[in-house]
Every structure is written in structure tokens, then in C-alpha cells.
Amino acid sequence: MLQSFRSKLKIYLMSDKYNPKVIEKKWQSFWDNEKIFESKADPNREKYYILEMFPYPSGKIHMGHVRNYTLGDVIARYKRAQGLNVMHPMGWDAFGLPAENAAKENNISPKDWTYENISTMKSQLKQMGLSLDWSRELATCDEKYYHQQQKLFLNFFRKKLIYKKESLVNWDPVENTVLANEQVIDGKGWRSGADIEQKKLSQWFFKITDYAENLLTSLDKLEKWPEKVKTMQKNWIGKSIGCEITFNILSNDAKLKTSKLQIFTTRPDTIFGATFCALSPFHPLVDEILEINPKIGNELSQLRAQKINEESISKNEKIGINTNIFIEHPLIKDKKLPVYIANFILMDYGSGAIYGCPAHDQRDLDFANKYNLDIIQVIDPKSQETFDGVNAITDDGVLINSDFINGLTVFDAKKVIIDKLAELKVGEQKINYRLRDWGISRQRYWGCPIPIMYREDGEVIEVPEDQLPIKLPSDIDLSIPGNPLDNHPTWKYTKCPKTGMNAIRETDTLDTFVDSAWYFLRFCSPDSNDAFNEDESKYWMPVDQYVGGVEHAILHLLYARFFTKALEKKSFDEPFESLFTQGMVCHQTYQNKSGNWVYPDDIKEENRKIIQISTDEEVFEGPMESMSKSKKNVIDPETIIKSFGADAARWFMLSDSPPEKDINWSESGIQGSWKICQKIWTLINVNKEYLSSNHCNEDLDLSDQAKELMYLSNRCLNAVTNGIEKFQMNVAIAKIFEFVNGLSKFRVHKKNDEVALCSALKILIRIIEPMVPHLAEECWSITGASGSIISEPWPEVNQSYLEKNDVIVVIQINGKRRAEINVEKDVTEEDVYEKIKNIKNISDAISKRNIVKSIYVPNKILNIVLN
RNA sequence: GCGGAUAUGGUGGAAUUGGUAGACACGCUGGUUUUAGGUACCAGUGAGGCAACUCAUGGGGGGUUCGAGUCCCUCUAUCCGCACCA
């Protein structure tokens, strides 16, 4: 029997081979032609909306996309098999800075560059065999899309959710342009090398802070979001309950004398420890101080040039300017606090001014020590630590040196102080959010134009809806420094539709995060004349499963949530029911002697050395890092698909590493994936004769061997189902390996074996389809079935095969494993003792000592405790 | 600095949630084949032993328990985020 199987295998392998190139193309065109993945709203069917974060069309897909879209596709195909009405759309996050950069470098228009990339990447995605509904495809740079976005903008504008204010940008004085943070390297412009200034510009903002509380509290409703992401958003919103205190300014200057200073603090309990006050360099009061005291101008511009964020605040040296102005302590008569301008105060947080209590805040303490300011300890910490003058005490404790709040706890003291300040009408409790309004102005060309114009009489006018969309001009000159729309000779000049007065268009464009804040909604009705169709979105929304990179944990997801909440006429409050954030794709890096990075396909191994092929020089392994062009540790998915096929690439992406963790790409890994595809294909071909339907009658009595196979297949089916449901694709893959290994060893001896084999193989084909769809389709056609495996329902686990009569009970002595026995299910403790009598090492141990205790967990374990 | 997470063989990782640690894969070692080679197949892969068996082990230390990778305390290390890249 064995011999005949072997010869059959050999003959088979000689004649034909697994050829992904042919079968993948074949099934891709089948799916396309039959429009298998196009979805329609159907109120009689339960829907499932699965979405992966749409890509930026940068040129080619990369391994990160392969991983992201494979994961989503497994879910999409699995849910389809479960009988749900699945929508799985794809589009393009097509506006953005790289298109402008590429345009400058290659002398091609951003639009042409973008659409060429889209076309390339679309064909690459198709080669991956993704079950995408391309009939809903959209690109955010498409006029049809940004037309609707401009309408949404006006809608929000009318709802007073959009306003203009002065705000700081990174300004490159040589290029005359605003830079993104990533374009500022060590304080210098990435192209010009010029020192970057912080410049104030009037810019548009979304009032996302109106929704701060809502965005925070409804996080609790998002049960299927990773805790990590929710924590990040919570911290980002940064709700804190504190106190706003108004201080009188003491100055000889008439104007300043009458001004007041607002300070926000979360620690009003430390007010008796306050010894100074610090203003943000951008605080409005600073401008007034500068007028009176122009001498500080130099120092001030230095402070203003510094990049301030929370990280730099806690790390950098604290620097301040003494203004020689004082404020009056509200609770201590005649106490004056010096006012400094300091580099560690954020204008955007609280009121841009603080009072410093050095003993209980590290930043304040560092500052006080540097400028020899008073330090007063006002809290006696629970932890008993004594104040050393270098480390601030931030622990909870009891108030000291604090007049009428002495002896109170921090918690109680806060309340008493707030009440007292309120009574004196100089302070009140205030809730403050770290979340700032969303700045949406970009001084760039390749983005959605803002439908606003400025009339010559100073009025800000909406562009009427019937004049939308405001289209981007195609004849732009990107070589001139500055904002291309502003530079355009004619584009910005227009007339007020009501009065006929001259007007100038807004030349800023929208942040691309606006584009992605509602695209999931547009997919529900991509051709609607409104931003979204009420009925369609009511059926499809919310997105049941959203899959993407954790790098979008805060901004994109928060903005999308904000948009969803701010929209009108919708039946949902949150956009994404369930969120999954996948890990990155990493690869070994290689460096030569001079430290230059080397491409992995430019190396070979020779005599245990790694040699660069092109130069014949020795290279060395660097760290394992996420694939990036700069480190040259990239593998092109297209090359992989060409040599191993999409199914092998998909398999690799799902195997080994859990989806939420980083995966390390390796040559041996992809080869292993190819091997298993080959193995499954061979397995099906070799057993072709058993796969016709008349073999698959399950009513027959099965032999023990066949029952074992049925146990194996049902256990695997169960594990794969659970694995996919729980996003543990790596576990599902491991179980399929087990199943395939078991199947390869199985030989048909009797008629009944054929039945089990047929059933097991059909289960195998069905459950691999979400992972390796082309292979599954091909195998399915080999069975002689007509049509597509996709229309086959997901099999039900047959519980009766999962229940075994025999179980293994482990025998422990003092908690250490000493033996295991095979017994019938649910036997009693006595029966187990009876059985282990004959096991020498156990009976020896028992006879030598006394049994103190015996713990028996039926069907699992017997632990005998000896003295 | 603040906030969050993680730690299991040579490697990626698994473990029905307190009950046989190391499933599965990669790598490595030996072998088989009318195998040119990549391939396929078989066996081994914590240590000791021919073997029955014994011992060790989950970043370090401590605790709870009949029993701990899993629960508690503590120390250490690493990774991620901290507002104009998408």
C-alpha cells in the first residue's frame, strides 16, 4: 500500500507542479469577471463592513500593505463564508506632500504622478488576490470626492465648528514655505538647511475641543478597540480638573497695571508654595512687556525660535527671562511673585501661564534652582521622603506651611482653595483638556481647496454650493518658493457672488487627515450627490472591523471619530465598531565596512561570510528593523509574488508572528510558505480519486483510524475558526500545518477510510480559502466541483467527533509530573489509583512515604502529595 | 521626563485561562531516494543515560498554592507614543 502511494506521488510530481503563476491569474480574472466581490445593500441580510486603512499612492505597494490587506482579506473572506453580506472596499489617500516633492524632482504634475501610482498599485493589489469591491473605489484627490468634502466644510463652517486663528508654523525663510515637523531636522530646513523660525500665521481650525468630553467618554463604549489605543487617545485628550486663577499685575506701567494674568493649575493646593510665575514666550502679555522693555527682544526671539513640545520641556534645560514685573499672591498679603518668560510653558495648554511651586514640580524646581528662586515645601509626603532640593516631591501627602489648609490632604486642599478663590472672585474650578483644536490649513498645492473667499471689504464669504467644487488649477509652477496656489497668476482672483465685489480665494488647502476622516462613509455610497446617502450609510455603518497600523492610533482615528460625531443625519455615533492594529514588517539590515546600507538581494553567503555581490566586499548584519528605503532592508512584494506567488506571500504574512506584533521577513520563511502551498496542492492531487462526492457519505460507520482523522479535522476546523475570530491567524496557520501533516500520513486501507479522507480534505480546502484563496479555488476545481469555493459555506464543527472516549490523565507526585495514563473518560479517582498501581516509580514513591493529600481533576490530573 | 506595553529553546512563537511548558514553523544534525543541485521523505534537536528513568528550565529575586509561564510584590532590560509624514 505504502509503496503504491509513493510511486503514485512520484509519477505525479514528475508530470505536474504547483504553478501559482498560472492558477493565480486564472482565479483573479474569474473573480473579476463574475463580479464576486461587488456588494449591494440588502436589508434582508446581515451586513459586515470590513475596511483596511487606505494607502497613500506612493508608487508601489510595500510589505506593510501586503500584511495589512492580507489580514483584512482573511476576515472578509471568512465572514463571507459565514453567510454575511460583506463590503470590503478600497481607495486612495491621494492628496499629500510627497506628490509635490516628486513633482519638483521629476518634472511631472502631482496629479499625473498620483494617478500613475494609483494605477500601478491597483494592479499590484489585484495580484494579491484580495476580495475587494473595486466598484466602490475612490481617490481623495478626485474632484468628485473633494467636492463633497468642500460641502462638508461649509456645513461645519455654518455650525461654527470651523474658525480662524493665529497659529505657529515651522517657517523656512529661504524656501518661503511652511514645513512639516519631519521636514525640520535639528532645527534646520531639510532642503534649504536654513534655520527654521516659528512664525505666526492665520489658519483654519476645526473645533474638535467642543467634542473633547464626548470623544473621551464614548471611548468606554468601544469595547472592541485595543486598550492601548484607547489609553493613547485618553492621554491625548488629557482631561484635567484644575483651577483658573486671576492674578493682579504689579507694574509701574499704566497699561500693565490694569491688566490681569490668568493662570491655570491642576495643583491649586500648592498655592502657598508658589514663588514665581512663568509665561509662554508666545503669551499675549509678553508682547506688551516687550514694548515696555525692548531690551529682552533678543533673548525672547531665541526662546521663540525653540521648538517646544512636551518631550523637550521635560528634557531640555529650562531657560527664562526675568521681566522685572511682579504679580500679587491672592492669598498672602504683600507677597509678590516675579514673572518670568520661560521655555517650558506651552501657549496651547491651559492659559499659557503658570505659577511655579518648585518643591512639588520637577520642571519648576529645575527652573528655581537655576535662577535662585525661593523654594517652599508645602506638602509632607506620605512616603516619608525628605526634600533634598534637587528632586521635587510629587507624592500625595498632607499640607504644611499653608495657613488655613495645613493638615488637609492634597485632595481636600484643592477643594478648599478653589472655594476660597471663588469666594474672593479671583478663581474658579476649570476643566482643561490637553487636546487642542485641529489646525487644518496647509500652505500647499496638492490638497483639497478651502471653499472660502476674502472680499475686498474684509468680509469672509463662503463659496456658494452651486459654485463647488473649487478645483485645483493644473497649470501651476512648483519651482517658485512659497504656496503654489498663492503664486498662481489668476486662480485666486474672483468676485463675491452676491455683491460682485472683488475677492480673493483662500489659498490654503486642507490637511489630508480631513480627507481620511470620512472616506469610510463615502464608500457606502461612492456615487451619491451628497457626501453620503442616508439609507446606504444606515445599512452599512458603522465599520464592523477596521484594520490598520498603530501609527494612526491617535490622530486619524480621533479625527474620524470627531467627524462622525459632528455629521448630521446619521444613525451612528462612532465610525469603527472594532479596531485591530497590526505590527510592522521587519527585515535584517546589512552594512558594509564604511557603514553604508546594502540591499538584501545584493548579498550572498560564502564560507560563513556575507558578501556583497556587486562589490565582492564583506558586509555585516545590522539590527532587525522595520523595512525602510533609507536602510535598504526592503523586499519588493512584486518580486516575491513573481517568484513564490501571492498565496505564499499571504501565508507568510499570517504565519509565525501574531498579527499585532512585528513580523520578521526572511527568505527561509517565504520558502516554507511556498512549500506548504505545494504540499497542500500535491495532497489534493494525489487523493483526487477519493474526492468525488459519492465518497463523502458521512452516515457510514467509521473505523477507528477514520474516526481519528475526523477528530483531527474537526479539531482543526474548530481551532481555525476560533483563531480567525480572535485575530490569531498564526495559531490558525499552525493548526493547518498539524492537519496537513496528519493528512499526509493518512493512508486509505478500507472503504470507510475514503469517506473520512474525502470529508477531511474538503474541510481543508474550505478553511484555507481565506488565507490562500487561489490555491483553494484550484484545489476545489480538482475535486471536480463546479463553481467557486467562495460560495461554499463555512463548515460547522461536528462536536461528536471532538469527544473522545479516552483521555490522558497526568500523574504528579508533589506537583511534579511522574507519569501519564490513558483512561476512559470520567473515571473515578479510585479507578485511577487502581491503574497506577502497576507503574513502578509511582508505586515505589507511594509505598515509601505517606499520602498527605490527593488532588484529582477528572480527565486531567492526579496530584499525590507525599510527606 | 511623562505615559503605555513586553520579557518562554539557536530563532518566530503556542498553551482550552491555575493543571503534561516548548504545539507549529524556521534553523541545525544524521539518514533515505534511478536526488545533478535547490527539492521530497524519515529520525533527532534543554542536560545526563543503551534504556526504564532522573535532573533542570519561562529576564532576576521573593510570595500565595497540592500545583505558577499564567495570580501578588519587587528589581532589571527592551520596545512604542508624546500635535503639520502619510
Side-chain angles (χ1 to χ4, degrees), chain A residues 6 9-10 13 17 53-58 93 95-98 101 167-170 178-184 203 226-229 231-232 234-236 238 309-316 346 348 362-363 366 434-436 438-444 511-513 515-516 549-556 558 652 655-658 661-664 666-669 671-673 675-676 678-679 682 718-719 722 728 730-731 733-741 744 808-820 840-841 852-855 857 860-866:
Chain A
R6 232 188 212 169
L9 180 69
K10 197 157 282 167
L13 282 178
K17 279 212 158 170
M53 292 177 184
F54 65 164
Y56 179 78
S58 55
D93 190 11
F95 273 138
L97 198 50
N101 295 334
S167 149
L168 293 170
V169 292
N170 300 312
V178 176
L179 297 186
N181 276 342
E182 65 149 16
Q183 296 172 321
V184 182
Q203 308 204 69
E227 280 306 317
K228 181 186 173 181
V229 174
T231 308
M232 282 166 88
K234 252 176 217 161
N235 293 341
W236 193 258
N309 59 33
E310 287 178 30
E311 191 184 1
S312 63
I313 284 168
S314 42
K315 277 188 181 161
N316 291 2
L346 292 165
D348 296 304
Q362 194 61 48
R363 298 161 298 187
D366 294 345
R434 185 177 160 274
L435 179 70
R436 305 208 291 260
W438 172 13
I440 46 172
S441 283
R442 296 291 182 271
Q443 293 70 32
R444 309 238 161 83
D511 177 10
T512 55
F513 274 123
D515 310 339
S516 56
V550 73
E551 64 272 22
H552 293 293
I554 300 173
L555 295 183
H556 163 58
L558 197 68
F652 181 83
S655 60
D656 286 355
S657 293
K661 291 184 75 175
D662 289 352
I663 193 167
N664 293 330
S666 71
E667 180 69 17
S668 55
Q671 295 215 352
S673 303
K675 276 188 218 168
I676 185 77
Q678 160 88 290
K679 198 169 173 177
T682 309
N718 195 28
N722 286 335
Q728 295 182 307
N730 56 322
V731 180
I733 292 275
K735 295 296 172 182
I736 293 173
F737 265 111
E738 262 181 6
F739 189 22
V740 171
N741 290 344
S744 310
I808 290 166
V809 171
V810 170
I811 313 298
Q812 295 184 335
I813 289 181
N814 290 344
K816 293 210 171 198
R817 180 182 166 278
R818 281 295 174 269
E820 59 179 44
K840 193 169 173 293
N841 54 339
V852 180
K853 202 172 183 180
S854 174
I855 294 106
V857 184
K860 270 189 181 161
I861 206 156
L862 174 70
N863 188 8
I864 305 164
V865 185
L866 302 174

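In what follows, every chain begins at residue 1, and chains take the letters A, B, ... in the order their sequences are listed. All values derive from a computational prediction rather than experimental measurement.
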Could you check if the base of B/rU39 is syn or anti? Syn means the glycosidic torsion is within 90 degrees of 0. anti
Separation of B/rA25 P from A/I676 CD1 (nearest whole Å): 8 Å
Is any side-chain heavy atom of A/S744 closer than 4.5 Å to a side-chain heavy atom of A/K679? yes
In whole angstroms, how far is the C1' atom of B/rA56 from the CZ atom of A/R817? 15 Å
Establish, with yes or no, whether the OP1 or OP2 oxygen of B/rC66 is under 4.0 angstrom from a side-chain nitrogen or oxygen of A/K853. yes
Over all strands shown, is A/Q362 touching base, sugar-phosphate only, or nothing at heavy-atom distances under 4.0 angstrom? nothing
Name the orientation of the base relative to the sugar in B/rG27: syn if the glycosidic angle is within 90° of 0, else anti. anti
Is there a side-chain contact between A/L558 and A/L435 in this structure, where contact means two heavy atoms from C-beta onward sitting under 4.5 Å apart? yes
Under 4.0 Å between any heavy atoms, over every strand shown, what does A/Q203 touch: base, sugar-phosphate, or nothing? Just pick one. base
Side chain of A/R436: nearest nucleotide among B/rA83, B/rU39, B/rA86? B/rA83
The ring pair (Phe, Tyr, Trp, His ring centres under 6.0 Å) partners of A/W236 (sequence neighbours excluded) come to none
Please work out if A/Q812 contacts a base, only the sugar-phosphate, or nothing of the nucleic acid, heavy-atom cut-off 4.0 Å. base
To the side chain of A/E738, which of B/rC24, B/rC66, B/rA56 is closest? B/rC24
Length of the line joining A/R442:CZ and B/rA86:C1', which is rounded to integer Å: 12 Å
Atom CD1 of A/I861 and atom CD1 of A/I811: how far apart are they, to the nearest 0.5 Å? 8.5 Å
Can you name the residues that form a side chain to side chain donor-acceptor pair (under 3.5 Å) with A/D515, not counting sequence neighbours? A/Q149
Among the nucleotides B/rA23, B/rU20, B/rA86, whichever has the atom closest to the side chain of A/V810 is B/rU20
When all nucleic acid strands are considered with a 4.0 Å heavy-atom cut-off, which category describes A/N722: base, sugar-phosphate, or nothing? nothing
Any idea which of B/rG19, B/rA83, B/rG81 is nearest the A/R434 side chain? B/rA83
Here the distance between atom P of B/rC55 and atom CD1 of A/I813, to the nearest Å, is 11 Å
Rounded distance in Å between the C1' positions of B/rG67 and B/rG59: 23 Å
Nucleotide-level pairing of RNA chain B, given in dot-bracket where Watson-Crick and G-U pairs need both distances under 3.5 Å and | marks other strands: (((((((..(((......[....)))((((((.......))))))(((....)))...(((((..]....))))))))))))....
Please produce a list of atom pairs where a protein N or O lies less than 3.5 Å from an N or O of nucleotides 43-50 of chain B.
none

Who passes side chain to side chain donor-acceptor pair (under 3.5 Å) against A/Q362, sequence neighbours left out? A/D366
Any protein N or O atoms within reach of nucleotides 12-15 of chain B? Criterion: under 3.5 Å, listing atom names and distances.
unit_1: B/rG12; atom_1: O2'; unit_2: A/S657; atom_2: OG; d: 2.9
unit_1: B/rG12; atom_1: N2; unit_2: A/D656; atom_2: OD1; d: 2.9
unit_1: B/rG13; atom_1: OP1; unit_2: A/K661; atom_2: NZ; d: 3.4
unit_1: B/rA14; atom_1: OP1; unit_2: A/N730; atom_2: ND2; d: 3.4

Picking from B/rC24, B/rG81, B/rC26, the nucleotide nearest the side-chain atoms of A/M232 would be B/rG81
Among B/rA86, B/rC41, B/rC26, which nucleotide sits nearest the side chain of A/S668? B/rC26
Once you apply a heavy-atom cut-off of 4.0 Å, does A/W236 come out as touching a base, just sugar-phosphate, or nothing? base
In this structure, how many angstroms lie between the P atom of B/rC84 and the CG atom of A/L97, rounded? 14 Å
All salt bridge (charged side-chain N to carboxylate O under 4.0 Å, His left out) counterparts of A/K860, not counting sequence neighbours: none
Who passes salt bridge (charged side-chain N to carboxylate O under 4.0 Å, His left out) against A/R818, sequence neighbours left out? none
With sequence neighbours excluded, tell me which residues meet ring pair (Phe, Tyr, Trp, His ring centres under 6.0 Å) with A/F652. A/W665
Using nucleotides 3-5 of chain B, report all nitrogen or oxygen pairs with the protein that are shorter than 3.5 Å.
unit_1: B/rG3; atom_1: O2'; unit_2: A/N235; atom_2: ND2; d: 2.5

Nucleotide nearest A/R818 (side chain, heavy atoms from C-beta), chosen from B/rA86, B/rC55, B/rC24: B/rC55
When rounded to whole Å, the CD1 to C1' distance for the pair A/I855 and B/rA68 reads 14 Å
Whole-Å gap separating P (B/rC85) and CG (A/D93): 13 Å
Nearest of B/rA25, B/rA86, B/rU20 to any side-chain atom of A/I861? B/rU20
Rounded distance in Å between the P positions of B/rU74 and B/rA5: 15 Å
Do A/N730 and A/S655 come close enough that some side-chain heavy atom pair is under 4.5 Å? no
By ring pair (Phe, Tyr, Trp, His ring centres under 6.0 Å), A/H556 pairs with (sequence neighbours left out) A/Y546, A/H552
Choosing from B/rA86, B/rA40, B/rG81, which nucleotide comes nearest the side chain of A/Y56? B/rA86
Identify, between A/G815 and A/A734, the residue whose nearest nucleotide on RNA chain B lies closer to the 5' end. A/A734
Could you please name the option among B/rA23, B/rA83, B/rU20 that lies closest to any side-chain atom of A/L435? B/rA83
Could you give the CG-to-P distance, from A/N814 to B/rC66, as a whole number of Å? 12 Å
Nearest-nucleotide check on RNA chain B, A/V857 vs A/S441; residue mapping nearer the 5' end is A/V857
Set of side chain to side chain donor-acceptor pair (under 3.5 Å) partners for A/N718, sequence neighbours left out: none
